[in-house]
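Data block below; observations after.
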Amino acid sequence: MKDWLRSIPAVHELQNHAQFATLSKEMDIDFTELTKQLKDVIEKIRISILNDYWNGAIPGTEQFICEIFQEVKKNAVKQMDYTLKRVINATGTILHTNLGRARLSDKAVAHVAEAAQNYTNLEYKLEEGERGSRHTHVETLIKELTGAESAMIVNNNAAAVYLVLRALAAEKEVIVSRGQLVEIGGSFRISSIMEESGAKLVEVGTTNKTHLYDYEQAINSETAMVMKVHTSNFKVVGFTESVETDELIKFTRRLENVIFYEDLGSGALYDFRKHGIGEEPVVREIIEAGVDLVTFSGDKLLGGPQAGIIAGKKKLIDRLKKHQLARVVRVDKMTLAALEGTLIDYVRGDKGVRNIPVIRDLLHSEEELEKRSSFFASKILEITDHYEIKIIHGMSQVGGGTMPEVQLPTVLISLKHNRLSSEHLAKKLRTENKPAIIARIQKDQYLLDLRTVSLDEEELLLQALLKL
Ligand SMILES: *Cc1c(COP(=O)(O)O)cnc(C)c1O
C-alpha cells in the first residue's frame, strides 16, 4: 500500500508540470485556485487507495498524472459553469414562469448593458447638476403610454400591491369581492399580502356573484379602499356577476377618502383584442375611466423585466414614493434600463412593438408558423433519417397566469427518434445540449412549437437534433 501511495505524484511536481500551466490558461483560473483543486483531487485518490477502491490494480505515476488532470479539469469546468443557464423554449408557452417569463428586446438588452457597465444619471439631474430621483426615468414614458398623472416602479407587482396596501390602507378596511380572492401562480394570495400589510380585508359577495349593493353595505368610516383584483389564471364561468370597473369608480367617487385601486396583474399596454386575442383591456382605458391607482407586472404581457408598475393619481403616488417601504422595494438601474428600453418601442407604435419578443411571439400567425415548421422539418430530413416527422396543428398558451382562456392556434413539429423514446430524447436535449432545449411531450411524441423559438435559435435547435 505504501508503494502505491508513493506512486501518487506530489502537488509541487504537478504544479510545475506543463499541463498545469495549460490548464490554468485554458480555464482562466489562477495558480492558487488550481492548486486547491489539485490538492482536493489528490486527497481523494489517496483515500480511494486507502479504502482499496482500486482492488489492487493501482496505475503508475504517469497514468495518475493523466487522471488527476482530467479530474481537475472536470471539476474546474463544473465550478465555472453558471447554474442559471440559457434555455431554448420550444414549448410555445410565451410567458413561461419557470423559464423566466418575458425575453427582453434587443434594445432593452443593449440599454441594460450600457447602464450596467457605466455610471449613469440614475439619481442625478444633468441640467441642474444636482441630486435627482430614480423615479423620474421611466415615469414620463408610463404617463405617456397610460395617460396616468403619475407613476412609479418597484421590484415586482407583488411588491406594488403590498406597498399600495401598506402605505394607503394599513389599519383600515379594504373591500374585495370574494370572486376575486384567488391564488395566482401558486404563491400569490391577495388575502395573505393584505394580512402582511396590516390592512383589513373585508370580503363581499360570493364566489360567483357580487353586486354593487354588497359593496355599499360594507362601506363604513373605516373603509380606506375598494380593491379590484384581476383573476388572472382563473376564470369563473356560468352563472356569474361582478361589478364593472366603471361602476365601482362611479360609486367610490361619491365617497370621501375612499380610494379605488385595481390590481391588473398583467396589464396590457398593447391592444391584443384587435387581433382577436383575449379580452384584456389596455391600461389606458382603465386610467381614463378614472381609477385612482392601478398596479401591473413588467414581465408579463408588457414584455419587459421583472418589475411592478404603479400608475394613477399624483397625490397618491407621491405618498407612495415618500413611504419608507418604497426604499425596500426599489429597483436598480438595470431594471429601469430594461423597462425604459422596452417602453421606448411602445412609443414607436405598431411597428415598434413587434421588436418586443412577447408581443411578436403572441402575434405569430398559424400560416407563418406552418411555413417555418415545414421548412425546419425538411432541413432535418435532408440530413438524417433518424426521425419520423409529422407537422400537426395544435394550440400555444400565453402562460404566466395571463389570458388563461386564450388558445393560440399553432403548428407543432412532432418528432419520433428511431432509437430514443420521447422521454429519453427530451432528457438528452435538456441535459446534454447547450443551450438546453425544453419542449412538450405528448403520448410518446416530442413536440416542438416554433412560436417561442427565434430564428437564430432555430439553427441551434437543428444542430442539436442532428447531433443525436
Ligand atoms: C401576476 C400577478 C401578480 C404578481 O405579479 P408579479 O409581478 O409576479 O409579482 C399580482 N396580482 C395579479 C392579479 C397577478 O396576475
Side-chain angles (χ1 to χ4, degrees), residues 95 97 154 156-220 222-249 251-252 255 258-268 278-281 283 286 289 291-297 300-301 308-310 312 329 398-406:
L95 296 170
T97 300
V154 295
N156 56 10
N157 190 31
V161 175
Y162 181 57
L163 176 63
V164 166
L165 293 174
R166 175 94 204 165
L168 306 176
E171 314 300 327
K172 298 276 226 163
E173 293 182 0
V174 178
I175 306 174
V176 186
S177 158
R178 281 204 176 83
Q180 294 162 11
L181 289 172
V182 298
E183 180 172 299
I184 295 150
S187 63
F188 182 83
R189 276 187 196 177
I190 287 294
S191 54
S192 310
I193 293 268
M194 187 91 70
E195 204 175 310
E196 289 293 330
S197 75
K200 293 184 200 121
L201 173 65
V202 177
E203 301 175 25
V204 296
T206 59
T207 310
N208 62 335
K209 285 199 169 197
T210 304
H211 304 275
L212 191 58
Y213 60 72
D214 292 318
Y215 288 95
E216 281 166 346
Q217 282 166 9
I219 294 281
N220 64 53
E222 289 302 300
T223 310
M225 193 179 277
V226 170
M227 178 180 183
K228 186 174 174 190
V229 187
H230 195 296
T231 47
S232 298
N233 56 354
F234 182 82
K235 201 172 166 90
V236 187
V237 290
F239 195 54
T240 65
E241 193 158 335
S242 60
V243 185
E244 296 301 325
T245 297
D246 281 350
E247 268 184 277
L248 287 174
I249 289 169
F251 166 62
T252 47
L255 307 164
V258 174
I259 297 164
F260 177 62
Y261 158 46
E262 184 160 353
D263 172 19
L264 294 171
S266 196
E279 292 158 16
E280 198 67 32
V283 178
I286 315 274
V291 66
D292 293 315
L293 280 179
V294 294
T295 58
F296 52 99
S297 283
K300 289 186 181 172
L301 286 175
I309 296 155
I310 311 176
V329 295
V398 182
T402 56
M403 301 195 194
E405 76 287 5
V406 170

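If you're wondering where the values come from, they're calculated on a predicted model, not measured in any experiment.
When all heavy atoms are compared, the tightest approach of I175 to A218 is CD1-CB, 3.8 Å. Nearest heavy-atom pair, T97 versus G400, reported as atom, atom and distance to 0.1 Å: OG1-CA, 3.5 Å. In terms of heavy-atom proximity, I193 sits nearest to A158 at CD1-O, 4.3 Å. When every heavy atom of V174 is checked against every heavy atom of A169, the shortest pair comes out as CG2-CB, 3.5 Å. Taking all atoms of both residues into account, the shortest heavy-atom contact from L165 to S197 is CB-OG, 3.5 Å. Nearest heavy atom pair, residue A159 against residue V329, reads CB-CG1, 3.7 Å.
We find the CD1-CZ distance between I309 and F296 to be 4.0 Å, quoted to the nearest 0.5 Å. Annotation: the span from L301 atom CG to M403 atom CE amounts to 4.5 Å, rounded to 0.5 Å.
In terms of the side chain to side chain donor-acceptor pair (under 3.5 Å) criterion, residue partners of Y261 (sequence neighbours excluded) are, by chain and number, T295. Every residue two or more places apart in sequence or in another chain that forms a side chain to side chain donor-acceptor pair (under 3.5 Å) with T245 is listed here: K228, E262. The side chain to side chain donor-acceptor pair (under 3.5 Å) test applied to S191 returns no partner, not counting sequence neighbours. With sequence neighbours excluded, no residue forms a salt bridge (charged side-chain N to carboxylate O under 4.0 Å, His left out) with D214. For K300, there are no side chain to side chain donor-acceptor pair (under 3.5 Å) partners two or more places apart in sequence or in a different chain.
F188 has its side chain out of reach of N157: every pair of non-hydrogen atoms, C-beta onward, lies at least 4.5 Å apart. Annotation: side chain of L248 is in contact with side chain of L212 (closest heavy-atom distance under 4.5 Å). Two residues are said to be in side-chain contact when any heavy atoms from C-beta on lie closer than 4.5 Å; D263 and M227 meet this criterion.
Side chains of T210 and S177: a donor-acceptor N/O pair is present below 3.5 angstrom, by distance only.
More than 12 non-hydrogen atoms from other residues, nucleotides or ligands lie less than 6.0 angstrom from CD of E216. In E222, the CD atom is crowded: over 12 heavy atoms of neighbouring residues, nucleotides or ligands sit closer than 6.0 Å.
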(request) With side-chain contact (heavy atoms from CB on, under 4.5 Å) as the test, would you mind laying out the steps for V229 and L181 before giving the verdict? (result) CA-CA 8 Å; V229 187; L181 289 172; 5.9 Å; no
(request) Could you go through the side-chain contact (heavy atoms from CB on, under 4.5 Å) check for L255 and V226 one step at a time? (result) CA-CA 11 Å; L255 307 164; V226 170; 5.6 Å; no
(request) Begin from the C-alpha positions of I219 and F251 and carry the test side-chain contact (heavy atoms from CB on, under 4.5 Å) through to its verdict. (result) CA-CA 11 Å; I219 294 281; F251 166 62; 3.5 Å; yes
(request) Give the intermediate values and the outcome of side-chain contact (heavy atoms from CB on, under 4.5 Å) for residues V164 and M225. (result) CA-CA 10 Å; V164 166; M225 193 179 277; 3.8 Å; yes
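Every pair passing salt bridge (Lys or Arg N to Asp or Glu O under 4.0 Å) that includes a residue from residues 161-182 is listed here, sequence neighbours excluded: R178-E203.
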